Amino acid sequence: MLYRSTRGQSKGQGFESVVLEGLAADGGLYIPETLPSLPSDWQTAWAKLSFSELATELISLFVGSDISRAELSDLVHRSYATFDTPEVTPLVGLDGKTHILELFHGPTYAFKDVALQFLGNLFEFFLERRNAQKAAGEPDHKITVVGATSGDTGSAAIYGLRGKKNVSVFILHPEGRVSPIQEAQMTTVLDANVHNVSIAGTFDDCQDIVKQLFGRADFKKQHSLGAINSINWARILAQITYYFHAYFALVRQGNAEPKPVFVVPSGNFGDILAGFYARSLGLPVGKLAIATNANDILDRFLRSGKYEKNSAQGVLATPSPAMDILVSSNFERFLWYLARDNEVVGTEAERADLAGATIAQWMDELRASGSFAVSPKALEAARAVFWSGRCSDADTYTTIAKYYAKTPSYLLDPHTAVGVYVAETLAEDIAQLGSPDVVCLSTAHPAKFSEAVLKAVHDDGKSLDFESILPPPFVGLLGKPRRCEHCENSADAVAQLIVAKAASQ
Ligand SMILES: *Cc1c(COP(=O)(O)O)cnc(C)c1O
């Protein structure tokens with residue numbers, strides 16, 4: 001299985017280098033050169049598989065010969081043994097034919113664990129194998145992961161990488177600007193290879209420092225800097241599994257031929273992109289619905305065909321902060337398919353190359369003028385796959401309150417509420433599709449976003465015993481021992497810290 005960059009300059013890369021490299025050298029994102037075929041009998045052969053067995057089948061299609069089947073199976077099983085339910089991503093009923101796909105049963109109680117538990121093991125596996133093959137006297141292959149977080153991604157990355165051999169991780173967060181639970185989740189991890197760094201600045205400052213460090217070619221090479229942000233192909237790949245898992249759960253619940261509508265609370269477009277790949281592989285999907293908060297670039301694109309940064313307003317702070325983005329980094333991958341099939345002419349191979357040039361041009365336009373537009377034909381093609389909707393802050397709160405007040409009651413986290421609200425607004429379109437099952441992806445446990453959840457319930461005049469819904473690892477978390485380095489707001493200071501830690505190991 002070979003991979004190419006969405007911007008056309010890099011082709012013929014194997015799975016291992018794509019995973020370790022993250023972003024392609026031309027600034028593009030890696031995608032498979034061709035999509036694999038599912039076995040013709042997948043609907044029967046895979047029907048009774050566990051989550052990990054299903055993941056092994058699907059991931060092996062994209063790995064090629066880079067990892068043996070037995071090694072992959074072991075890696076996948078270890079990745080999902082850390083979840084608090086054997087189903088890994090259970091599908092629960094919400095209301096009529098609407099279901100919630102709970103993606104928050106991993107160690108940090110957010111959907112990013114599904115990908116990052118796997119990615120951490122994958123890094124460790126590749127590094128160990130390289131070290132076993134290296135010549136005597138050659139230094140060990142290592143990787144230094146450096147990332148910035150406003151809360152959510154950081155803890156999932158730390159839990160994915162803690163204790164992994166040959167990996168060290170530095171996660172920068174803005175001092176005093178991360179929710180108390182999220183700060184505690186990150187800084188109570190005491191493994192020697194985990195370094196929390198609080199920066200006297202904002203999240204943007206943290207991101208800027210990370211960018212500067214990656215821009216220092218010598219430093220990057222010397223410390224083998226690696227990224228784990230959502231552009232890493234392995235993260236998308238790992239997420240394909242739960243779309244299939246949900247499909248089989250519907251079959252088990254008595255629907256012989258489900259063709260669900262998946263509603264996905266979206267920010268960087270990584271979660272729903274996995275649904276696009278599942279559909280492209282042949283999973284029966286009624287529609288993929290993009291649900292955004294007030295940061296609605298994706299919803300506006302589906303309405304107008306214009307992808308336009310909201311530069312004047314900047315990123316808006318909402319009750320669903322993990323979706324507060326200006327642009328969606330993974331959208332570029334979907335755009336590549338849109339360009340190949342609608343914007344260029346030639347043989348399939350020619351169109352693949354031309355699509356890279358189209359993407360590079362669109363991204364230049366976006367950088368220079370803040371927007372670009374696709375052709376009417378491409379927009380129509382996008383609408384054949386996706387619906388979209390937007391949920392305001394007020395509607396986020398009322399949706400949480402509404403489902404909490406129902407019998408049986410269900411407590412939605414604010415991100416999931418955005419999806420459920422958008423599903424409601426799509427009721428007519430869903431009816432026109434023949435009222436299929438609707439699967440709303442739930443991306444976080446409500447306890448992670450306690451402030452918004454409590455506000456929603458209290459403003460509705462209800463009470464909520466929050467302690468009673470806390471997952472066991474959250475109980476007493478705030479009082480546990482912590483380790484965190486404080487650092488001034490400068491790339492030089494963080495670089496010095498990384499050098500000092502590397503020297504002391
Ligand atoms: C990251 C995240 C999202 C958004 O997912 P994308 O892949 O960026 O679209 C939604 N909800 C939660 C809780 C998240 O952590």
Side-chain angles (χ1 to χ4, degrees), residues 29 89 100-117 119 147-160 178-179 181-182 185-186 203 228-240 242-243 262-278 288-299 301-302 315 318-334 386 388-391 396 399-400 411-422 440-453:
L29 281 64
T89 59
I100 298 280
L101 180 60
E102 294 184 344
L103 304 178
F104 56 71
H105 289 272
T108 75
Y109 295 90
F111 98 99
K112 291 186 173 70
D113 289 328
V114 178
L116 285 166
Q117 287 292 301
L119 188 61
T149 188
S150 55
D152 225 31
T153 317
S155 56
I158 287 168
Y159 275 80
V178 176
S179 84
I181 276 278
Q182 294 193 328
Q185 267 190 308
M186 295 192 285
F203 170 59
I228 41 140
N229 42 19
S230 72
I231 47 95
N232 197 302
W233 166 252
R235 287 185 57 178
I236 308 298
L237 177 55
Q239 292 167 186
I240 296 175
Y242 48 72
Y243 287 89
F262 289 98
V263 187
V264 188
S266 295
N268 271 322
F269 203 73
D271 196 357
I272 197 165
L273 182 72
F276 170 71
Y277 278 105
L288 296 166
I290 304 165
T292 76
N293 62 26
N295 297 286
D296 58 355
I297 185 167
L298 293 168
D299 183 47
F301 172 81
L302 260 283
V315 180
T318 73
S320 45
M323 290 149 55
D324 291 350
I325 46 92
L326 208 52
V327 294
S328 294
S329 46
N330 269 297
F331 197 54
E332 180 168 338
R333 285 192 164 106
F334 171 67
F386 294 106
S388 70
R390 170 190 194 275
C391 177
T396 305
T399 304
I400 295 171
L411 193 58
L412 298 163
D413 102 282
H415 304 80
T416 311
V418 166
V420 170
Y421 173 82
V422 168
C440 295
L441 276 59
S442 174
T443 52
H445 190 288
K448 255 196 113 139
F449 296 93
S450 53
E451 228 174 279
V453 169

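Note that ligands are numbered from 1 as they come in the structure, with each ligand's atoms numbered from 1 the same way. Remember, it's a predicted structure, so these values are computed and weren't measured experimentally.
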Side-chain ion pair, Arg390 and Asp299, N-O less than 4.0 Å: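 Answer for the salt bridge query: no.
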Among Phe269, Phe301, Phe262, ring pair (Phe, Tyr, Trp, His ring centres under 6.0 Å) partner for Phe386: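 Exactly one pass, corresponding to Phe269.
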Between Asn268 and Asn330, a side-chain donor and acceptor under 3.5 Å: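 Side chains of Asn268 and Asn330: no pair found under 3.5 Å.
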Report all N/O contacts between ligand 1 and the protein shorter than 3.5 Å as a table of atom names and distances to 0.1 Å; if there are none, say 'none'.
| residue | atom | partner | partner atom | Å |
| --- | --- | --- | --- | --- |
| ligand 1 | 7 (O) | Gly270 | N | 3.0 |
| ligand 1 | 7 (O) | Asp271 | N | 2.9 |
| ligand 1 | 8 (O) | Asn268 | N | 2.7 |
| ligand 1 | 9 (O) | Gly267 | N | 2.7 |
| ligand 1 | 9 (O) | Asn268 | N | 3.3 |
| ligand 1 | 9 (O) | Phe269 | N | 2.9 |
| ligand 1 | 11 (N) | Thr443 | OG1 | 2.8 |
| ligand 1 | 15 (O) | Lys112 | NZ | 2.5 |
| ligand 1 | 15 (O) | Asp152 | OD2 | 2.3 |

Minimum side-chain heavy-atom gap Pro414-Ile400 below 4.5 Å: yes
Gln239 to Phe111 - nearest heavy-atom pair and separation: OE1-CE1, 3.4 Å
Nearest heavy atoms of Pro446 and Val453, plus distance in Å: O-CG2, 3.7 Å
